[in-house]
Trainee: 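The structure follows.
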Amino acid sequence: MAPKIKDVAKQAGVSVTTVSRVLNGEKYVKDDLKARVKRAIDELGYAPSHIARSLVRKKTNLIGVIVPDLTSSFYSTILSSIEETASLNDYNLLVCNIIEDTDKEFKYLNVFNEMRVDGIIIMHEKLNDEIRAFLNKLDIPIIFSSVRPSDQTFLSVIIDDYAAAFDATNYLIELGHQRIGFIGGDMRDVTSGQNRYIGYRGALSERNIPIVDEYIRFGDYKIQSGYNLMKEILACGTHPTAIFAVSDDMAVGAMNCIHDHQLKVPEDISIIGFDGSQLTELVRPQLSSMEQPIQDMGKVTVETLLDLISGDAETPKEDIILKHKLVVRNSCGPYREDK
């Protein structure tokens, strides 16, 4: 049989309470007692039960994470930052990739509750009534990262998506473009769908530039979606001279489509993406992008959640809005009269 904590106590000649204090890293245990306990642990090959220790401490050091799609370069990057920050704070992650499946999300949220996670991070905003009701009943700190669902009462760590989309579109206008297309996301998403579309329209309207419906398409943020939507736009006849895509993945798909139609980026069509993911530097030409501070977003999300878990009085009471930044690379160029 595997040795138990009482066996360690007997071997070390100390109380079970002392062994427990050593295992939990508590202070005020004499160095010689610590050494005896650790020596007994090594001699017996004792492995403390994580579950048992969690019950005693009423803390699991687990964070549940709901990710909508791990194949996205944005989500894989932010998750890496979340994991790194959690690990530095002695927390482990339970990551659930729901692939936009709300039934699967509800199942995973129940698992989080049963596993007694200390906190939950959610990175999507399409919440149905059942999930909303369940979240509001949970006695677990919850934070949203990169999104802000409508009518939600939890903190979010986000950027100003309207302003970022406005600035991305305005950059193309400053380059002289007036036929500017839009490859958008899911309009059920307030943050990355609606706000970015409204920002695009706002920039064009402010400069009295016509909004051409044939140049506007909506997809699912993925590379193939960007390719397919760009193909539809090119089939309209006179093509736009610039495209704003609301994800780097879709921008890359659009670039591939432009290439397959014997056109060039940026000579024939300029492209700007959104997110600032690793893809931007891997493609050719390198992709200009409205960059979200993805690494900081993951770090701030975890640190704020840990403050919520600890009950820190200094925890922000309102959403944390980080700064976006335009990163200019080679996929955008000035408008050319011959186009």
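All values below come from the heavy atoms of this structure, side chains included, with hydrogens, waters and symmetry mates left out.
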Trainee: Do the numbers put Arg196 on top of the ring of Phe274, so that NZ or CZ is under 6.0 Å from the six-membered ring centre and no more than 45° off the axis?
Mentor: yes
Trainee: Can you name the residues that form a salt bridge (charged side-chain N to carboxylate O under 4.0 Å, His left out) with Glu303, not counting sequence neighbours?
Mentor: Lys299
Trainee: In chain order, what residues pass the side-chain contact (heavy atoms from CB on, under 4.5 Å) check against Ala242, with sequence neighbours excluded?
Mentor: Leu172, His177, Ile180, Ser270
Trainee: Between Asp189 and Asn195, is any pair of side-chain heavy atoms under 4.5 Å apart?
Mentor: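 When only atoms from C-beta onward are counted, Asn195 and Asp189 do not touch, as no gap falls below 4.5 Å.
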Trainee: Measuring from Asn330:CG to Ile271:CD1, what's the distance to the nearest 0.5 Å?
Mentor: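 Rounded to the nearest 0.5 Å, the CG-CD1 separation comes out at 13.5 Å.
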Trainee: Can you find a heavy atom in the side chain of Ser146 that is under 4.5 Å from one in the side chain of Tyr75?
Mentor: yes
Trainee: Mind checking whether Phe182 and Phe218 have parallel, tilted or perpendicular rings, split at 30° and 60°?
Mentor: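 Ring orientation, 0 to 90° scale: perpendicular.
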Trainee: Check Asp69 with Lys222, please: is the shortest side-chain N to carboxylate O separation under 4.0 Å?
Mentor: yes
Trainee: Are Arg329 and Glu281 ion-paired here, with the side-chain N under 4.0 Å from a carboxylate O?
Mentor: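 Yes, this pair counts.
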Trainee: Specify the closest pair of heavy atoms between Gly202 and Tyr162, including all atoms of both residues, with the distance to one decimal.
Mentor: CA-OH, 4.2 Å
Trainee: Once you measure the plane-to-plane angle for Tyr197 and Tyr200, does it fall in the parallel (<30°), tilted (30-60°) or perpendicular (>60°) bin?
Mentor: parallel
Trainee: With sequence neighbours left out, what residues match Gln11 under side-chain hydrogen bond (donor to acceptor under 3.5 Å, both in side chains)?
Mentor: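 For Gln11 the side-chain hydrogen bond (donor to acceptor under 3.5 Å, both in side chains) partners, ignoring immediate neighbours, are Glu43.
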Trainee: Does any part of the side chain of Val300, heavy atoms only, come nearer than 4.5 Å to the side chain of Ile320, both counted from C-beta?
Mentor: yes
Trainee: Strictly by ring-ring contact (aromatic ring centres under 6.0 Å, His included), give each pair with a member in residues 97-122 just once, sequence neighbours left out.
Mentor: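 Residue pairs passing ring-ring contact (aromatic ring centres under 6.0 Å, His included), neighbours aside: Phe106-Phe134.
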Trainee: Given Ile142 and Leu135, is the side-chain contact (heavy atoms from CB on, under 4.5 Å) satisfied, shown in steps?
Mentor: CA-CA 8 Å; Ile142 297 170; Leu135 291 176; 3.7 Å; yes
Trainee: Would you say that Ser156 contacts Pro149 through its side chain, given a criterion of any heavy-atom pair below 4.5 Å between the two side chains?
Mentor: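 Yes, at least one pair of side-chain atoms sits under 4.5 Å.
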Trainee: Sequence neighbours excluded, which residues qualify as side-chain hydrogen bond (donor to acceptor under 3.5 Å, both in side chains) partners of Ser73?
Mentor: Asp249, Ser277
Trainee: Can you give me every donor-acceptor pair (side chain of residues 32-39, partner residue at least two apart or in another chain, under 3.5 Å) with its distance?
Mentor:
residue: Arg36; atom: NE; partner: Ala12; partner atom: O; Å: 3.1
residue: Arg36; atom: NH2; partner: Ala12; partner atom: O; Å: 3.0
residue: Arg36; atom: NH2; partner: Gly13; partner atom: O; Å: 3.1

Trainee: Treating Gln292 as the side-chain partner and Met290 as the backbone partner, does any N or O pair qualify as donor plus acceptor under 3.5 Å?
Mentor: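 No, the answer is negative, given that no donor and acceptor are paired below the 3.5 Å cut-off.
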Trainee: Pairing donors with acceptors under 3.5 angstrom, does anything connect the side chains of Ser289 and Asp248?
Mentor: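 There is such a pair (donor and acceptor under 3.5 Å, judged by atom type) between the side chains of Ser289 and Asp248.
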Trainee: What are the two closest non-hydrogen atoms of Val265 and Ser331, and how far apart are they?
Mentor: CG1-O, 3.4 Å
Trainee: Quick one: does Arg179's side chain get under 4.5 Å of Val212's, heavy atoms only?
Mentor: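 No - every pair of side-chain heavy atoms lies 4.5 Å or more apart.
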Trainee: With Val65 as reference, evaluate Asn97, Val117, Leu79, Ile120 under the side-chain contact (heavy atoms from CB on, under 4.5 Å) test and give the passing residue.
Mentor: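 Checked Asn97, Val117, Leu79, Ile120 against Val65; only one passes side-chain contact (heavy atoms from CB on, under 4.5 Å): Leu79.
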Trainee: Are the side chains of Val16 and Val8 in touch, meaning some heavy atoms are under 4.5 Å apart?
Mentor: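 Side-chain contact under 4.5 Å: no.
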Trainee: Heavy-atom distance under 4.5 Å between the side chains of His324 and Asp167, does that happen here?
Mentor: yes
Trainee: Please name the pair of heavy atoms, one in Ala86 and one in Leu93, separated by the smallest distance, quoted to 0.1 Å.
Mentor: CB-CD2, 3.8 Å
Trainee: On a heavy-atom basis, which atom in Asp220 and which in Met250 lie closest, and how many Å separate them?
Mentor: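 Of all heavy-atom pairs spanning Asp220 and Met250, the closest is N-SD, 4.2 Å.
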Trainee: Of all heavy-atom pairs between Leu305 and Pro141, which one has the smallest distance, and what is that distance?
Mentor: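 Closest approach of Leu305 to Pro141: CD1-O, 3.7 Å.
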Trainee: Can you tell me if Asn228 and Gln224 form a side-chain donor-acceptor pair at under 3.5 Å?
Mentor: yes
Trainee: Should the pair Glu174-Arg207 be classified as a salt bridge under the 4.0 Å nitrogen-to-oxygen rule?
Mentor: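 Between Arg207 and Glu174 there is a salt bridge, with a charged N closer than 4.0 Å to a carboxylate O.
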Trainee: Spell out, as yes or no, whether a donor-acceptor pair under 3.5 Å connects the side chain of Asp319 to the backbone of Ile321.
Mentor: no
Trainee: For residues Tyr221 and Ser72, is any side-chain donor paired with an opposing acceptor at under 3.5 Å?
Mentor: no
Trainee: Check Pro240 against Gly181 and note the closest heavy-atom contact, atom names and distance.
Mentor: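 Where Pro240 meets Gly181 most closely, the heavy atoms are CB-N, 3.7 Å.
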Trainee: Only one of Thr85, Asn61, Val302 passes side-chain contact (heavy atoms from CB on, under 4.5 Å) with Tyr91; say which it is.
Mentor: Asn61
Trainee: Are any of the side-chain heavy atoms of Ile272 and Leu326 separated by less than 4.5 Å?
Mentor: yes
